Amino acid sequence: MISEDVKLDYDDVLIVPDKSPIASRKQVDLEKRVAFGERAGAEFIGVPIMAANMDGVGTTAMADALRRHGIFTCLTKFHTAAELAEFFNGTSERGDFTAATIGISDEDLQKFVDAENRAKGRIKYACLDVANGYTNRFLNRVKKFRAMFPKVVVIAGNVVTHEQTTRLIEAGADIVKVGIGGGSVCETRVKTGVGYPQFSAIQECVHSAHRIGKAIVADGGCTVPGDVAKALAGGADFVMLGGMLAGHPEGGGTVISRFFHTDEVDECGKPIIEKREFVEFYGMSSKTANEKHFGGLQNYRSSEGRTVLIPFRPSLDDTVVDLLGGLRSTCSYVGAEKIGQLPEKSSFVRCNNTHNKVFQDLD
Ligand code: 5GP
């Protein structure tokens with residue numbers, strides 16, 4: 001069976017500007033409220049962006065730095081129960097802007113139990129993360145977690161279809177993680193042929209989630225602030241970012257220097273060699289991640305993630321300001337005084353070409 005209707009990615013659409021009452025971008029309110037009913041984190045109030053639970057992104061230092069901008073972080077699953085407890089016991093706001101992430105194993109569940117006990121219930125958000133959110137084992141794990149922790153807000157995924165979004169919510173998820181194959185260091189589409197264009201996945205999954213009063217986070221595939229705006233305008237309650245937040249000191253990676261020949265010479269005529277700094281960034285299913293965390297790749301698995309060198313960016317604040325500035329501007333183009341109004345204020349046009357790439361950036 002082939003679904004013949006065209007499915008869209010961020011690159012296939014643009015947001016159409018409309019009459020706007022907003023005189024200055026400063027007027028735009030980037031805080032949004034997302035309610036979780038009876039859960040302990042009963043309401044999220046902040047910027048609806050989540051840092052991904054990836055090495056180089058989902059660190060405690062990132063969580064502390066991003067929280068100051070009102071941004072949420074999903075810690076990687078490689079924090080021990082003791083580390084989680086120490087972090088969440090630190091200040092009460094950490095619990096409002098950070099999730100502990102676990103996988104599907106019994107040890108992971110036990111780790112959450114231990115961490116939550118030691119943190120005396122201060123962990124309000126749990127991210128239950130697997131590459132393939134379609135297995136019955138995963139659904140059962142979400143159900144079990146929900147039964148054990150009725151008050152914790154559960155972020156669960158990843159999926160890309162509305163049917164599985166509904167099943168995950170019925171199993172106990174509050175925020176469904178939507179996105180397979182679109183990530184910056186993801187190789188799932190290459191290795192398996194599996195995936196779904198992200199913009200359409202968001203629209204279809206959010207429709208099901210909102211019908212039952214639950215939320216989604218659009219995970220992966222954003223390359224520029226405009227993509228984040230498209231995801232939110234397309235209905236996503238949150239947007240999760242890996243690559244766009246990677247490469248900063250708070251991510252904890254080793255800075256690697258590389259030397260490049262330039263076409264220029266100095267006053268003595270000697271060729272100028274330029275030093276540039278990079279940080280290694282890799283997918284959580286990559287060979288690098290498997291070697292780092294599991295002592296190597298099991299022979300029945302293929303690596304579905306890439307390892308890349310990305311430019312080191314010394315200032316996370318600069319990156320965040322650029323990102324939030326873009327979102328403010330989107331809101332002012334469509335007349336949304338609050339970021340939560342983006343979906344109702346935005347309409348989209350399908351296109352073949354979203355932006356002009358004729359010149360390369362200097363920086
Ligand atoms: P990005 O914002 O970098 O485009 O995407 C981040 C997302 O990519 C993550 O939140 C996660 O869902 C996904 N991801 C991270 N590592 C891997 C990997 O090794 N393989 C795959 N298939 N997806 C990954």
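Quick caveat: nothing in here was measured; it's all calculated off a predicted structure. Throughout, residue positions are numbered sequentially from 1 according to the sequence presented.
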Visitor: Only counting residues at least two apart or in another chain, list the ones meeting side chain to side chain donor-acceptor pair (under 3.5 Å) with Tyr333.
Guide: none
Visitor: Evaluate whether atom CZ of Arg25 has more than 12 neighbouring non-hydrogen atoms of other residues, nucleotides or ligands under 6.0 angstrom away.
Guide: no
Visitor: Side chain to side chain contact (heavy atoms under 4.5 Å, CB included), that's the test. Do Ile169 and Val176 meet it? Break it down for me.
Guide: CA-CA 7 Å; Ile169 290 171; Val176 176; 3.7 Å; yes
Visitor: Can you tell me how far apart CD1 (Ile180) and CD (Gln164) are? Round to the nearest 0.5 Å.
Guide: 9.0 Å
Visitor: Can you tell me if Ser346 uses its side chain to pair, donor with acceptor, with the backbone of Leu342 under 3.5 Å?
Guide: yes
Visitor: Does the side-chain hydrogen bond (donor to acceptor under 3.5 Å, both in side chains) test come out yes or no for Thr319 and His248, once each step is laid out?
Guide: CA-CA 9 Å; Thr319 303; His248 297 99; 2.6 Å; yes
Visitor: Counting only heavy atoms not in His207 (residues, nucleotides, ligands), do more than 12 fall under 6.0 Å from its NE2?
Guide: no
Visitor: Should Leu168 and Leu139 count as side-chain neighbours, where that means a heavy-atom distance under 4.5 Å?
Guide: yes
Visitor: Are any of the side-chain nitrogens in Asp5 or Lys7 under 4.0 Å away from the carboxylate oxygens of its partner?
Guide: yes
Visitor: Checking side chain to side chain contact (heavy atoms under 4.5 Å, CB included) for the pair Phe36/Ile175: CA distance, chi angles, key distance, verdict?
Guide: CA-CA 9 Å; Phe36 301 112; Ile175 306 174; 3.7 Å; yes
Visitor: Which class fits the ring pair Phe44 and Phe97: parallel under 30°, tilted 30 to 60°, perpendicular over 60°?
Guide: perpendicular
Visitor: If you measure from NE2 on His162 to SG on Cys205, what distance do you get to the nearest 0.5 Å?
Guide: 8.0 Å
Visitor: Okay, side chain of Thr330, backbone of Gly326: is any donor-acceptor separation there less than 3.5 Å?
Guide: yes
Visitor: Step by step, work out the salt bridge (Lys or Arg N to Asp or Glu O under 4.0 Å) result for Arg141 and Asp106.
Guide: CA-CA 9 Å; Arg141 194 41 43 140; Asp106 288 341; 2.9 Å; yes
Visitor: Is the backbone of Asp55 close enough, under 3.5 Å, to the side chain of Lys292 for a donor and an acceptor to pair up by distance?
Guide: no
Visitor: At what distance, to the nearest 0.5 angstrom, does CE of Met240 lie from CE of Met54?
Guide: 10.0 Å
Visitor: Is it the case that the side chain of Asn89 and the backbone of Arg118 share a donor-acceptor pair, with hydrogens and angles ignored and the cut-off at 3.5 Å?
Guide: yes
Visitor: Any donor-acceptor pair under 3.5 Å linking the side chain of Gln27 with the backbone of Ser24?
Guide: yes
Visitor: Over all heavy atoms of both residues, which pair between Gly133 and Val159 is shortest? Give the atoms and the distance, please.
Guide: O-CG1, 3.6 Å
Visitor: For Asp237 and Ala215, indicate whether the former's side chain and the latter's backbone hold a donor-acceptor pair under 3.5 Å.
Guide: no
Visitor: Only pairs at least two apart or in different chains count here, so list each salt bridge (charged side-chain N to carboxylate O under 4.0 Å, His left out) that has a residue in residues 212-230.
Guide: Asp174-Lys214, Lys177-Asp219
Visitor: Sequence neighbours excluded, which residues qualify as ring pair (Phe, Tyr, Trp, His ring centres under 6.0 Å) partners of Phe112?
Guide: Phe145, Phe149
Visitor: Is there any salt bridge (charged side-chain N to carboxylate O under 4.0 Å, His left out) pair reaching into residues 335-347, and which pairs are they, with sequence neighbours excluded?
Guide: Asp29-Lys338
Visitor: Can you name the closest pair of heavy atoms from Ala147 and Pro150 and give their distance?
Guide: O-CD, 3.8 Å
Visitor: For Ile71 versus Val47, what's the shortest heavy-atom pair and its separation?
Guide: CG1-CB, 4.0 Å
Visitor: Does any N or O in the side chain of Arg146 come within less than 3.5 Å of the main-chain N or O of Gly172, such that one atom is a donor and the other an acceptor?
Guide: yes
Visitor: Can you name the side-chain contact (heavy atoms from CB on, under 4.5 Å) partners of Ala131, sequence neighbours left out?
Guide: none
Visitor: What class does the angle between the rings of Tyr125 and Phe72 fall in, given that below 30° is parallel, 30 to 60° is tilted and above 60° is perpendicular?
Guide: perpendicular
Visitor: Does Asp96 come within less than 4.0 Å of Arg122, counting only side-chain N to carboxylate O?
Guide: no
Visitor: So does Ser286 get a backbone contact from the side chain of Glu304, meaning a donor-acceptor N/O pair under 3.5 Å?
Guide: no
Visitor: Do any N or O atoms from the side chain of Glu280 and from the backbone of Thr307 form a donor-acceptor pair under 3.5 angstrom?
Guide: no
Visitor: Minimum heavy-atom separation for Ala289 and Gly283, please, with both atom names.
Guide: CB-O, 3.4 Å
Visitor: Identify, with sequence neighbours excluded, every residue that meets salt bridge (charged side-chain N to carboxylate O under 4.0 Å, His left out) alongside Asp114.
Guide: none
Visitor: Going by ring pair (Phe, Tyr, Trp, His ring centres under 6.0 Å), name the residues that satisfy it together with Phe88, two or more places apart in sequence or in a different chain.
Guide: none
Visitor: For residues Leu30 and Pro48, report the shortest heavy-atom separation together with the two atoms involved.
Guide: O-CD, 3.6 Å
Visitor: Going by the rule side chain to side chain donor-acceptor pair (under 3.5 Å), which residues pair with Asp322 if we only count those two or more places apart in sequence or in a different chain?
Guide: none
Visitor: Enter the distance from Arg68:CZ to Leu316:CG here, rounded to the nearest 0.5 Å.
Guide: 10.0 Å
Visitor: Take Val217 and Ile155 through the side chain to side chain contact (heavy atoms under 4.5 Å, CB included) test and state the conclusion after the steps.
Guide: CA-CA 8 Å; Val217 50; Ile155 306 164; 4.2 Å; yes
Visitor: Not counting sequence neighbours, list each pair that qualifies as a salt bridge (charged side-chain N to carboxylate O under 4.0 Å, His left out) and has a residue in residues 268-277.
Guide: Glu274-Arg276
Visitor: Report the C-alpha separation of Ser257 and Phe278 in whole Å, then their side-chain angles, then the decisive distance to 0.1 Å, and conclude whether the side chain to side chain contact (heavy atoms under 4.5 Å, CB included) test is met.
Guide: CA-CA 6 Å; Ser257 298; Phe278 297 88; over 6 Å; no
Visitor: Would you say Leu128 and Met50 are hydrophobically clustered, going by side-chain heavy atoms of ILVMFWY under 4.5 Å?
Guide: no
Visitor: How long is the straight-line distance from OG of Ser332 back to CG of Leu327, given to the nearest 0.5 Å?
Guide: 11.0 Å
Visitor: Evaluate side-chain hydrogen bond (donor to acceptor under 3.5 Å, both in side chains) for Thr161 paired with Tyr134, printing each intermediate quantity in order.
Guide: CA-CA 10 Å; Thr161 52; Tyr134 283 80; 2.5 Å; yes
Visitor: So which heavy atom on Ser20 is nearest to which on Gly335, and how close?
Guide: OG-CA, 3.4 Å
Visitor: Could you identify which residues cluster with Val279, counting Ile, Leu, Val, Met, Phe, Trp and Tyr as linked when any side-chain heavy atoms lie under 4.5 Å apart, either directly or through a chain of such contacts?
Guide: Val255, Phe312
Visitor: Considering only residues two or more places apart or on different chains, which pairs with a residue in residues 182-200 satisfy salt bridge (charged side-chain N to carboxylate O under 4.0 Å, His left out)?
Guide: Glu187-Lys191
Visitor: By side chain to side chain donor-acceptor pair (under 3.5 Å), which residues pair with Ser315, not counting sequence neighbours?
Guide: Asp318
Visitor: So that I can tick it off, tell me whether Glu291 and Lys287 are bridged by a salt bridge, with the cut-off set at under 4.0 angstrom between side-chain N and carboxylate O.
Guide: yes
Visitor: So, Asp9 side chain and Asp12 main chain: donor-acceptor pair closer than 3.5 Å or not?
Guide: no
Visitor: Using 0.5 Å steps for rounding, measure from the CG atom of Leu66 to the NE2 atom of His69.
Guide: 7.0 Å
